[in-house]
Amino acid sequence: MADPSQAADAAHAAFDLVPVVVLLAAGVFAVPLFRRIGLGSVLGYLAAGLLVGPFGLAFFHDAQSIIHVAELGVVLFLFVIGLEMQPSRLWVMRGEIFGLGLVQVCLAIAVLVWVGIVQGFPIEASFIAGTGFVLTSTAIVMQVLAERGELNQPHGRKMVAVLLFEDLAIVPLLALVAFLAPGGVEATMADRIWSIVIGLGAIAALVIAGRYLLDPMFRMLSRFGAREVMTAAALLVALGSAVLMQAGGLSMAMGAFLAGVLLSESTFRHQLEADVEPFRGLLLGLFFLGVGMALDLNIILQNWTTIVISVPAYMILKMAVIYSVARLFKAGHREALDRMVLMAQGGEFAFVLYASATSFGILTPEWNANLTAIIILSMVLTPLVLIVKERIQKPVEASTEGLDGVEDSEGAVLMIGFGRMGQVISQALLARGYHLSIIETNPDQIRDAEEFGFRVFYGDGSRADILHAAGAAKAKLVIATADDADATARTVEVMKHEYPLVPVLARAQDRGHAIKLMQLGADYQMRETYESAQAIAAEALSRLGESAEVVGEVMAAVRQRDADRLDVESVGGLGAGKDYLYRNAAKPAGH
């Protein structure tokens, strides 16, 4: 009979939870701390990885195995990005992908390869070393853009376009590795052509499956109503596409991205994104932890002079190329600066390229180790460089050049602020032919309005001199709809002091703001969400089966109760009118 203690030891050895707990703890403690002190989540993960890795507390000794597993985070990240990129949007981006992306990659390769040749390294090794650094980290750039909410903004879309081109470029680059291998030209030419055919075949198979199989499959699975099955299917599509592309000699990330694009117009798109998101975030964090662990301090100490010189040299040269290409493609100075800092590091695909080149004898193991350390250090430095850039860069100030002042802008109605609410209000007044004079403080908003045929003057409507210049004394009506609640309050206060006979209608952002405007003498105020909320409530009653007559009576009673409550609160404060509220909790005893 087996010894129970031996069986327990065997079970413990078969599945050890300690590494999992250590990884989770490292992320849970490090990331909030680093975000709290303004260093960002990426640097938090990298620092946590270094702490628990071979050169920290030594909980882990094989960082590469963790990186290989965690690369699935990059795969799932690209799948989610693909879900947000409809084919029509990708078609619109084709110029940026094959124009901006091609120019940036080719020029950066030329500059960085030249550096290696000047240092006396063989041409083949210099080409691989420089090209690997050109391949930007998709994980870092996408993570930062996602945290900023800039993935779908024009400048973010351009960076995504370059990253997509770099993912495509890994295919011919890996083929070139075999071509550049010593003595391997004749043997690899046919293999090169065959690998291209296989790659194209894999893409074609994925496109056909995406068009004709994926949507019907999810439709069929949705009928069973099992959430876990839908989650499994989402992961199957993302990871299966990645495996297919890898088998065809392409990158796994590109396969997942294409799968996401093919499903971007599916009715199940949002469900898929919700199912994959938790796995994507967890595995992407694990990837950064693995990169932190892989930082080999022994190699850095042994070759510290080479690495200390190479990391800033490569980053500065790549920055110069990125900035120059951005300006060449009509990007502004601020956008070009942001792009060059964010994309200055090497990327995760460089590890694949260097490993392949080492196996073919183009790079020596020592060169591979040095280059890998250079890539990892550049990834570690990127969040720090971003922080320095944001600290020293002056906040952008919108230009008022070319905008009209408020002189001679008299109108029957003076509108202060032309945001969402002002634009809606203007339509009824203009429809009846009233002369509307509009003042706004946001230059960008003024220029946007001009594109739609509005004339908007630049000026601060909370200042007495600006109101006078705008003809407030002769206006029949003033409407204060500024986005800034304090500015609206100041406008009401100034108008009632300087021109007490001119009616002032004001936009209130919430109940407290409405009470303040009433106290300042506003002739009429309206909370910006009040009427829309009343309309939704009436529609809800109607759809619950209430008759139109009942709906009308209920809504009239609610409006009157709200008006009474507001009257009480304007004297006694926000808490004074709470007894006018309908509530869904039982009243306390004694009430």
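Count residues from 1 along the sequence.
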Student: Is any side-chain heavy atom of V144 closer than 4.5 Å to a side-chain heavy atom of M159?
Tutor: no
Student: State the CD1-OG1 distance between I446 and T441, to the nearest 0.5 angstrom.
Tutor: 7.5 Å
Student: I'd like to check I425 versus M415 (side-chain heavy atoms, cut-off strictly below 4.5 Å). Are they in contact?
Tutor: yes
Student: Drop me the distance from R463's CZ to I439's CD1, to the nearest 0.5 angstrom.
Tutor: 10.5 Å
Student: Rounded to the nearest 0.5 Å, what separates atom CG in L505 from atom CD1 in I416?
Tutor: 12.0 Å
Student: Please report the interatomic distance CZ(R527) to CD(Q509), rounded to the nearest 0.5 Å.
Tutor: 13.5 Å
Student: For the CD atom on E531, are there more than 12 heavy atoms of other groups (residues, nucleotides or ligands in this structure) within a distance under 6.0 Å?
Tutor: yes
Student: Return yes if some donor-acceptor pair links the side-chain N/O of S324 with the main-chain N/O of A320 below 3.5 Å, else return no.
Tutor: yes
Student: Can you see which heavy atom on H513 is nearest to which on A485, and at what distance?
Tutor: NE2-O, 3.0 Å
Student: Taking all heavy atoms of A522 and all of V492, pick out the closest pair and write down the distance.
Tutor: N-CG1, 3.7 Å
Student: Please examine the side chains of V456 and R447, heavy atoms only from C-beta on, and report whether any two atoms are closer than 4.5 Å.
Tutor: no
Student: Going by an N to O cut-off under 4.0 Å, is there a salt bridge joining K330 and E335?
Tutor: no
Student: Measuring from K158:NZ to Q104:CD, what's the distance to the nearest 0.5 Å?
Tutor: 12.0 Å
Student: Under a 4.0 Å threshold between the charged nitrogen and the carboxylate oxygen, would D460 count as salt-bridged to R490?
Tutor: no
Student: Which atom pair, heavy atoms only, marks the closest approach of L520 to A489?
Tutor: CD1-O, 3.4 Å
Student: Specify the closest pair of heavy atoms between A480 and T491, including all atoms of both residues, with the distance to one decimal.
Tutor: CB-CG2, 4.1 Å
Student: Considering residues, nucleotides and ligands other than K516, do more than 12 of their heavy atoms fall under 6.0 Å from its NZ?
Tutor: no
Student: Apply side-chain contact (heavy atoms from CB on, under 4.5 Å) to the pair D562 and Y530, showing each step before the final yes or no.
Tutor: CA-CA 10 Å; D562 182 81; Y530 182 75; 3.6 Å; yes
Student: Looking only at heavy atoms, which two atoms of A472 and M495 are closest? And how far apart?
Tutor: CB-SD, 3.9 Å
Student: Any idea how Y499 and H468 line up, ring-wise: parallel (<30°), tilted (30 to 60°), or perpendicular (>60°)?
Tutor: parallel
Student: Under the side chain to side chain contact (heavy atoms under 4.5 Å, CB included) test against Q345, which residue among V141, V385, L381 passes?
Tutor: V141
Student: Looking at side-chain heavy atoms only, is the closest gap between F29 and L51 below 4.5 Å?
Tutor: no
Student: Do R507 and E528 meet the salt-bridge criterion of a basic N to acidic O distance under 4.0 Å?
Tutor: yes
Student: Using the rule given for side-chain contact (heavy atoms from CB on, under 4.5 Å), can you reason through M142 versus V160, listing the C-alpha separation, both sets of side-chain angles and the distance that settles it, and then say yes or no?
Tutor: CA-CA 8 Å; M142 290 292 200; V160 172; 4.0 Å; yes
Student: With salt bridge (charged side-chain N to carboxylate O under 4.0 Å, His left out) as the rule and sequence neighbours excluded, what pairs involving residues 420-442 come up?
Tutor: none
Student: Would you say E96's side chain and V162's backbone share a donor-acceptor pair under 3.5 angstrom?
Tutor: no
Student: Taking C-beta and beyond as the side chain, do K496 and D523 meet within less than 4.5 Å on heavy atoms?
Tutor: yes
Student: Answer whether the closest heavy-atom distance between the side chains of V504 and L517 falls below 4.5 Å.
Tutor: no
Student: State, to 0.1 Å, how close A48 and A26 come at their nearest heavy-atom pair, and which atoms those are.
Tutor: CB-O, 3.7 Å
Student: Would you call L566 and Q525 a side-chain contact if the rule is heavy atoms closer than 4.5 Å?
Tutor: yes
Student: Let me confirm one number: the CG-NE2 distance from D338 to H333, rounded to the nearest 0.5 Å.
Tutor: 11.0 Å
Student: If you define the side chain from C-beta out and look only at heavy atoms, does anything of T136 sit under 4.5 Å from E166?
Tutor: yes
